[in-house]
Amino acid sequence: MSFLVTARKYRPSTFQEVVAQGHVVNTLLNSIRLGRIAHAYLFSGPRGVGKTTTARIFAKALNCPNAKEGEPCNACDTCVEISQGRCIDIIEIDGASNNGVEQVRTIRDSVRYMPSREKYKMYIIDEVHMLSKGAFNALLKTLEEPPAHAIFIFATTEPHRLPPTVISRCQRYDFRRIALEDIVGQLKHICLQEGIEADDSALFAIARKGDGSMRDSESIFDQVVAFSGDQLTYESVRQVLHVVDQDTFFQLTDLIITNNSSGGFALAEEIVMSGYDIQDFLTGLEEHYRNLLVARATGDTRLIEAPEDVRERYTRVAEQFSEGDLLRLLKITAQTMQAVKFSPQPRLKFEVALIDMIKMDSTVEISTLLSNIGQGGAIPSRPVREKNPGGVSAAPPAERTVPSAAAPAKPATVSESTPPEPAAPGGPPHPAQTSAPASGTDFRHSDARKTYGRTIAAERQPETRFDGPTGMRSADTDVTEPLREAEERFRQALTSASLSAAGSHQAQPAGPQTLPPHPIVQLLIDKLDAVILPQH
């Protein structure tokens, strides 16, 4: 006997053998038991999840004379003929090659005749979305009012391409993508029946490559068995499928934790020289970061499709990252996938993305910063992912203190005075002008500051040191001091502009004379008083 592929050899023959489609199976079984059989059904879902198989089982269950509780016996002539595809009353049609109006007219003409032997005449049309618009229109009337002995079952992977008039005439059943654990369980059953020893990691790799399709997973299983024989290992699966090793993704996260840029370039070279597709690697990396985010955010690994030892590893590594870090890594990965897809130099984009991930700074929650500032505390130190040339991790920076928002402002006394008089041409400068400090002078060391038309007497402020790289204050100070300094410089600029403008358009007097400010300048100063230093 010739070799029969696993997908056909272990094809479900009863409703109970259908994997991961309980919502469909239970409904069909109950409809058979209650005698509530519809005239048209629509089975939709991804490829390889059991749509056509379920349609055949349903056809056997309706016509089997020995059916029990809705399950066919698979021993009578009817069940055997339907399983082998040679029953004349069960017509299977490929919608891709029979998509014209003439083929539908043939169905419409033959549906009126009674079945030759079976109870129902059933039409199973696979890939029904390939029918043309004229074929759908020719089928509408028959589909809405078929004979009592006729049942239509449509199977499709793209239900959105069907006209609404067709969908409304059918009972729709949506088949789901098969979970990774269910595929692995079925593969273990096949290995037990075939006498094959397989590692769990190898079966998980096959199921992951199948992407939710049982048929695809079983086809990959046959391919790997043909390579490795009765001993199925993860290494053999990786060599046959040429998939990226899971350890490679964990190696990248270790490089991010240690901030090892040179290791990032070495990893990029290894991936490219090994012949891996960059897009495939980024797709796997995106899933890797997603698993880390799940482990970090939920504290549980049930949503991670991986063996138990890999799940525990995700739990340990996720503790080294914050949720914000993982979200940023996912964003960089998604952007890199788009950049690599359209770039003439994909390797360059890939290497830059890896270094960007490695050199990425840690994320600090804004709520943490605000709470520390509100309490007068220091900004929490963050782990610095830097390495010295010797390979020793650098120590975290010292905490930087910030001025407390809750500290009371220093009292200030505001008094009105007459405006300063402009200096005569060629004469000595006005006292108000000579007393104005130069740019960069610390106003905190003056007991009284004179402005145009106002004198502000403030207490001497404590000396404050500034950190160069950040500009943060290292001691508690008056939080309004920066505003006062800015106000002082702004007033001086307005005064100078007013005097310069007045001097250029008016004749200078022979002696000292009070020059009123320009109306616009005075308006700006009044508004500035109302916003920054309201009068008491």
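Heads up: numbering here begins at 1 and tracks the sequence.
- With respect to the salt-bridge test (charged N to carboxylate O, under 4.0 angstrom), the residues Glu286 and Arg290 do not qualify.
- One finds no salt bridge joining Lys68 and Glu71 here, because no Lys/Arg side-chain nitrogen approaches an Asp/Glu carboxylate oxygen to under 4.0 Å.
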For Thr248 and Asp245: C-alpha separation, side-chain torsions, deciding distance, then whether side-chain hydrogen bond (donor to acceptor under 3.5 Å, both in side chains) applies.
CA-CA 5 Å; Thr248 306; Asp245 191 4; 5.1 Å; no

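- Taking every heavy atom of both residues into account, Leu241 and Ile220 meet most closely at CD2-CG2, 3.6 Å.
- Remark: aromatic rings of Phe250 and His288 are close, center separation under 6.0 Å.
- Aromatic pair Phe154/Tyr123: ring centres not closer than 6.0 Å.
- A salt bridge is absent between Lys9 and Glu218: the closest approach of a Lys/Arg side-chain nitrogen to an acidic carboxylate oxygen does not fall below 4.0 angstrom.
- Arg311 places a side-chain N or O within donor-acceptor distance of the main-chain N or O of Ala306, the cut-off being under 3.5 Å.
- Between Gln186 and Tyr10, the closest heavy-atom pair is NE2-O, 4.3 Å.
- Side chain of Asn74 to main chain of Cys79: no donor-acceptor pair is present (N/O by atom type, distance under 3.5 Å, no hydrogens or angles).
- When ring centroids are compared, His242 and Tyr276 come within the 6.0 Å threshold.
- Of the charged side-chain nitrogens involved, at least one lies within less than 4.0 Å of a carboxylate oxygen, so that Arg177 and Asp211 count as a salt-bridged pair.
- Using a 4.0 Å cut-off between charged side-chain N and carboxylate O, Lys188 and Asp200 make a salt bridge.
- Between Arg8 and Asp222 there is no salt bridge, since no side-chain nitrogen of the basic residue lies less than 4.0 Å from a carboxylate oxygen of the acidic one.
- Remark: Arg176 does not engage Asp174 in a salt bridge, criterion side-chain N to carboxylate O under 4.0 Å.
- The 12-atom threshold is not exceeded at NZ of Lys349, counting heavy atoms of other residues, nucleotides or ligands nearer than 6.0 Å.
- The neighbour count for Glu197 CD, taken as heavy atoms of other residues, nucleotides or ligands under 6.0 Å away, does not exceed 12.
- Glu323 and Arg296 are not joined by a salt bridge, as no carboxylate oxygen comes within less than 4.0 angstrom of a charged side-chain nitrogen.
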Working note: Glu118 + Tyr120, criterion side-chain hydrogen bond (donor to acceptor under 3.5 Å, both in side chains); need CA distance, chi angles, decisive distance, verdict.
CA-CA 6 Å; Glu118 311 301 340; Tyr120 293 99; over 6 Å; no

